[in-house]
Asker: 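For reference, the structure I am asking about is given below.
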Protein chains: 4
Amino acid sequence: MLQKPPLSPRKKPVQARSQATVDAILEATARVLVDSGYDRASTNRIADRAGVSIGSLYQYFPSKESLVGALIDRHSDEMLAVFLRQVAAVKDAPIHEAVRAVVVATVDSHLVEPKLHRIFEEQVPRIGKLAESLEKLDTHASSAVRAYLLAHASELRVKDLETAIFVVVHAVEALVHRAVFVQRGPTRDALVEAIVDLVTRFLAEDQ
Amino acid sequence: MLQKPPLSPRKKPVQARSQATVDAILEATARVLVDSGYDRASTNRIADRAGVSIGSLYQYFPSKESLVGALIDRHSDEMLAVFLRQVAAVKDAPIHEAVRAVVVATVDSHLVEPKLHRIFEEQVPRIGKLAESLEKLDTHASSAVRAYLLAHASELRVKDLETAIFVVVHAVEALVHRAVFVQRGPTRDALVEAIVDLVTRFLAEDQ
Amino acid sequence: MLQKPPLSPRKKPVQARSQATVDAILEATARVLVDSGYDRASTNRIADRAGVSIGSLYQYFPSKESLVGALIDRHSDEMLAVFLRQVAAVKDAPIHEAVRAVVVATVDSHLVEPKLHRIFEEQVPRIGKLAESLEKLDTHASSAVRAYLLAHASELRVKDLETAIFVVVHAVEALVHRAVFVQRGPTRDALVEAIVDLVTRFLAEDQ
Amino acid sequence: MLQKPPLSPRKKPVQARSQATVDAILEATARVLVDSGYDRASTNRIADRAGVSIGSLYQYFPSKESLVGALIDRHSDEMLAVFLRQVAAVKDAPIHEAVRAVVVATVDSHLVEPKLHRIFEEQVPRIGKLAESLEKLDTHASSAVRAYLLAHASELRVKDLETAIFVVVHAVEALVHRAVFVQRGPTRDALVEAIVDLVTRFLAEDQ
DNA sequence: GATGAATGAGCGTTCATTCAT
DNA sequence: CATGAATGAACGCTCATTCAT
């Protein structure tokens, strides 16, 4: 379901043109969402910005929901790439270091297109297929965390692994979201330290 | 709930009639939001459901935003009442017990009108005045937590109190929200235990 | 149809109260019209400003049209009073002096409540009974001019008196309206001179 | 009136379809205004009458104001064409003849679509952008008069040219409007004679 | 395929007017 | 008589979607 790098080279020219159109539409969607917000992001406005007719837009995306869903998917993939790259580097590191990497990676992934991400989180209704798209990131992040924790099970103080994953992933995500987007409250650095502390103490005994 | 002491005797009967209408409108708003979601909750539909003309609705609420905002305020007050009542009971209790009370109180407050709460969290765009209303609960919950932590500062291992409050309040809220509403994931009881553990270890040394 | 000074003193007390209410409503109408314009001057807003219930407003005025019509009548009476007082003073004066008096009187009558007058002229649709009310001033001004011209017929160069009256009254009115309200164009004094010149040359031979 | 020289060949067929729709909408606007008056001329009614969806109306006119403004512009252009054609023919004629031509041209221009013109003058509120559109005719008529008077300055008795233009244009317009639309009063022919007399005596010495 | 004109249900909101109290 | 809560038709306008060209 993810569009990975060009694995199937057949019909490239046609696909290349199509892909360019699709990209233009998705780019326009992102820009209109950021500029106008979800409620005022009409498909006509998006087609205009993409330099594409509204008819063409509907050729590639059968509904507004599918269009926004595709953009969310694309954005999730980008965030996930940032997250996984950083987390992969510490897959053998001790817990404290790994936790810090997860928190920082979460922050960095939130900085990919922060305005767009904020609109996804705060304006797009979590309904129908959009809800699924918006959950995608969690699911994949959970997998990465699961892999690490399974490999380091002996160092953990928590017993119920699935619950721990759930707690860690969602606590980190919620706190980072607020750290990145909400003005009031502690500085971002102070928060990162606190989140690392919170999660580390939860997962492992003091060494 | 009306007419407590005769402080302002003028317009009392008038107000009673109005209040009934206002209540009917707010009730209808809640029901329509739950049944149809925020996007399909039109003011005309709400007025219909309230058994009231659209004109009456606009006599009491100058805009859809103000109507939803009023309902959010009302709902926040109810949740807050549940939360504060339970938290007040442990204001002198040791940290572990207090944290458990906070987590359980958060869960209970989420069960006041869970479907409505979910709409507020997941469908109402965090924009303009609605954003403020949606923040109300956090602000008040933070105050309660602040009061407790200030009184128990000597027992805490965290130094930066404001950061700790921020972390605790938002982590608990985000995790409870998911515990209550999202089907996949651990059982609610397991989660409550884990959240208590997470927060307790963060705030205080093992005794 | 004009309310002249208290000619029928019976039932004074009752009428006094009613009259006070009516006056308050008319005053409020004038103020709301000036502040908000005709389109946004709702009967509810007017009743509010008058410190009177909407029900009472409709007790005295059966429709918005009748309310605005009454205000136009009242305003026309005030303008007419100013106009007639000044014109009466020159009823035996030579034409040039009389014409000047008419023009100046027209200007002065436009300054009674200029903002209100402008709204009557530029925003109130000339439809139904309102059209009649708005014509009232013309009719009475024409009568005054007619009386003068009849008395000075021998000095006139124009033969068709009714046509002359029509031309004089409406030309003066249109030009004075623009002189008073429109920013672009000549200064008011220059215009007054020109209007006097226009009308004098039209009515009489140079002496 | 379309497609004169092939200057911009792109979108020509497209434009033709659009232009037909725009024309239908403007025509319907004129008819609805005449039939129902400005206040009852709703955009939905106009779209209905044009045999076009309300959405199409708003594709071409972003607001009711812009729609009525466009119609006023179109109508002003038509009136102006009639006026200028007749006035141009006498640009070298002596004053008396030129004045007569101006008055007759003003009458004729008022007969282009008299009912519509009356609506514009008497029902459309002179507010915002509509005020500008409604002034358009005056401005252009003034220019034509200015050109003539400048060319014939030596024959004039008035010294202040701008004031004279102002007086002539607005007096003629106001009187013609009444001559054409108001039932009571002198016959139209008598009025035309009187207006010509009024203006001629004002501008020039008897020859 | 691409185009963009066209659609129309539905939205939030206003306001002259009525009528039970 | 006065009140003001209640009414509801109607308004200007948006936008996801369709379909003839």
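Worth knowing before you read on, the calculation uses all heavy atoms, side chains too, and leaves out hydrogens, waters and symmetry mates. Numbers restart at 1 for each chain; the letters A, B, ... are given by sequence-line order, proteins then strands.
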Asker: C:Ile46 has an atom CD1; how far is it from atom C1' of E:dT17, in whole Å?
Answerer: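 So the two atoms are 14 Å apart, to the nearest Å.
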
Asker: Counting only side-chain heavy atoms from C-beta out, which of F:dG12, F:dC1, E:dG4 sits nearest to C:Gln59?
Answerer: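 The answer is F:dC1.
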
Asker: Please tell me which of the listed nucleotides, F:dA2, E:dT7, F:dC13, lies nearest to the side chain of D:Ser56?
Answerer: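 For D:Ser56, the side-chain atoms sit closest to E:dT7.
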
Asker: Just checking A:Asp39: base, sugar-phosphate only, or nothing, at a heavy-atom cut-off of under 4.0 Å?
Answerer: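 The residue A:Asp39 makes sugar-phosphate contact but no base contact.
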
Asker: Do A:Lys136 side-chain atoms and A:Ile72 backbone N/O form a donor-acceptor pair below 3.5 Å?
Answerer: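 It does not hold such a pair.
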
Asker: Of all the nucleotides listed (F:dT3, E:dA6, F:dC11), which has the minimum atom distance to the side chain of C:Ser53?
Answerer: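 In terms of side-chain proximity for C:Ser53, the closest of F:dT3, E:dA6, F:dC11 is F:dT3.
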
Asker: State whether B:Asp35 and B:Arg40 are salt-bridged, where the test is any N-O pair (Lys NZ or Arg NE/NH1/NH2 against Asp/Glu carboxylate O) under 4.0 Å.
Answerer: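 Salt bridge flag = no for B:Arg40 with B:Asp35.
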
Asker: Taking the minimum atom-to-atom distance to the side chain of A:Tyr58, which one of F:dG12, F:dC11, F:dT17 wins?
Answerer: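 Nearest to the side chain of A:Tyr58 among the choices is F:dT17.
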
Asker: What nucleotide, of E:dG12, F:dT17, F:dG12, holds the atom closest to the side chain of D:Ser42?
Answerer: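 Shortest atom-to-atom distance from the side chain points to F:dG12.
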
Asker: Quick check on DNA chain F: between A:Ala41 and C:Val52, whose nearest nucleotide comes earlier from the 5' end?
Answerer: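 It is C:Val52 whose nearest nucleotide is closer to the 5' end.
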
Asker: Of the options E:dA16, E:dA9, F:dA6, whose atoms approach the side-chain atoms of D:Ile54 most closely?
Answerer: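 That would be E:dA9.
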
Asker: Where each residue is assigned the nucleotide of DNA chain F containing its nearest heavy atom, which of D:Glu65 and C:Thr21 is assigned the position nearer the 5′ end?
Answerer: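 Closer to the 5' end of DNA chain F: C:Thr21.
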
Asker: Can we say C:Glu113 and C:Arg31 salt-bridge, meaning some charged N sits less than 4.0 Å from an Asp/Glu carboxylate O?
Answerer: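 Looking at C:Arg31 together with C:Glu113, the answer is no, because their closest N to O distance does not fall below 4.0 Å.
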
Asker: Please report the shortest heavy-atom distance between D:Ser36 and D:Arg45, naming the atom on each side.
Answerer: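 Heavy atoms of D:Ser36 and D:Arg45 come nearest at OG-CD, 4.2 Å.
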
Asker: Starting at atom OH of C:Tyr38, determine the distance to atom P of E:dT14, rounded to an integer number of angstrom.
Answerer: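 Checked: the OH to P distance equals 19 Å.
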
Asker: Write down the partner of E:dT13 under the Watson-Crick or G-U wobble criteria, each distance required to be under 3.5 Å.
Answerer: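 In the structure as shown, E:dT13 has F:dA10 as its Watson-Crick or wobble partner.
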
Asker: Between P on E:dC11 and CG on B:Leu57, what's the gap in Å once rounded to a whole number?
Answerer: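 From B:Leu57 CG to E:dC11 P: 13 Å.
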
Asker: Restricting to non-hydrogen atoms, name the atom on A:Ser63 and the atom on A:Tyr58 that form the minimum distance, rounded to 0.1 Å.
Answerer: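 Shortest heavy-atom contact: CA-CE2, 4.1 Å.
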
Asker: Over how many whole Å does the gap from D:Phe61 atom CZ to F:dC11 atom P extend?
Answerer: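 The answer, rounded to whole Å, is 19 Å.
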
Asker: So which nucleotide from E:dT13, E:dA16, E:dA6 ends up closest to the side chain of C:Lys64?
Answerer: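 It is E:dA16.
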
Asker: Grab the CD-P distance between B:Gln19 and F:dA5 for me, whole Å please.
Answerer: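 Interatomic distance, CD of B:Gln19 to P of F:dA5: 12 Å.
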
Asker: Which is more 5' along DNA chain E, the nucleotide nearest B:Pro62 or the one nearest C:Ser63? Just name the residue.
Answerer: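 So the residue in question is B:Pro62.
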
Asker: Expressed in angstrom and rounded to an integer, what is the separation of B:Arg40 atom CZ from E:dA9 atom P?
Answerer: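 It is 14 Å, rounded to the nearest whole Å.
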
Asker: Give the minimum heavy-atom separation between C:Ser133 and C:Gly69, together with the two atoms involved.
Answerer: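 Residues C:Ser133 and C:Gly69, closest heavy atoms: OG-O, 3.8 Å.
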
Asker: Considering only heavy atoms and no angle criterion, is a donor-acceptor pair shorter than 3.5 Å present between the side chain of A:Asn44 and the base of F:dA16?
Answerer: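 Between F:dA16 and A:Asn44, which were checked side chain against base, a qualifying N/O pair under 3.5 Å is present.
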
Asker: For the pair made of CZ in D:Arg45 and P in E:dG8, what is the distance, rounded to whole Å?
Answerer: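 Roughly 19 Å, once rounded to whole Å.
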
Asker: Of all the choices, F:dA6, F:dA2, E:dA6, which nucleotide is nearest to the side chain of C:Tyr60 once you look at every atom?
Answerer: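 When the side chain of C:Tyr60 is considered, F:dA2 is the closest of F:dA6, F:dA2, E:dA6.
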
Asker: Strictly by Watson-Crick or wobble contacts shorter than 3.5 Å, is anything paired with F:dT21, and which nucleotide is it?
Answerer: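 Here F:dT21 is engaged in a pair, and the nucleotide opposite it is E:dA2.
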
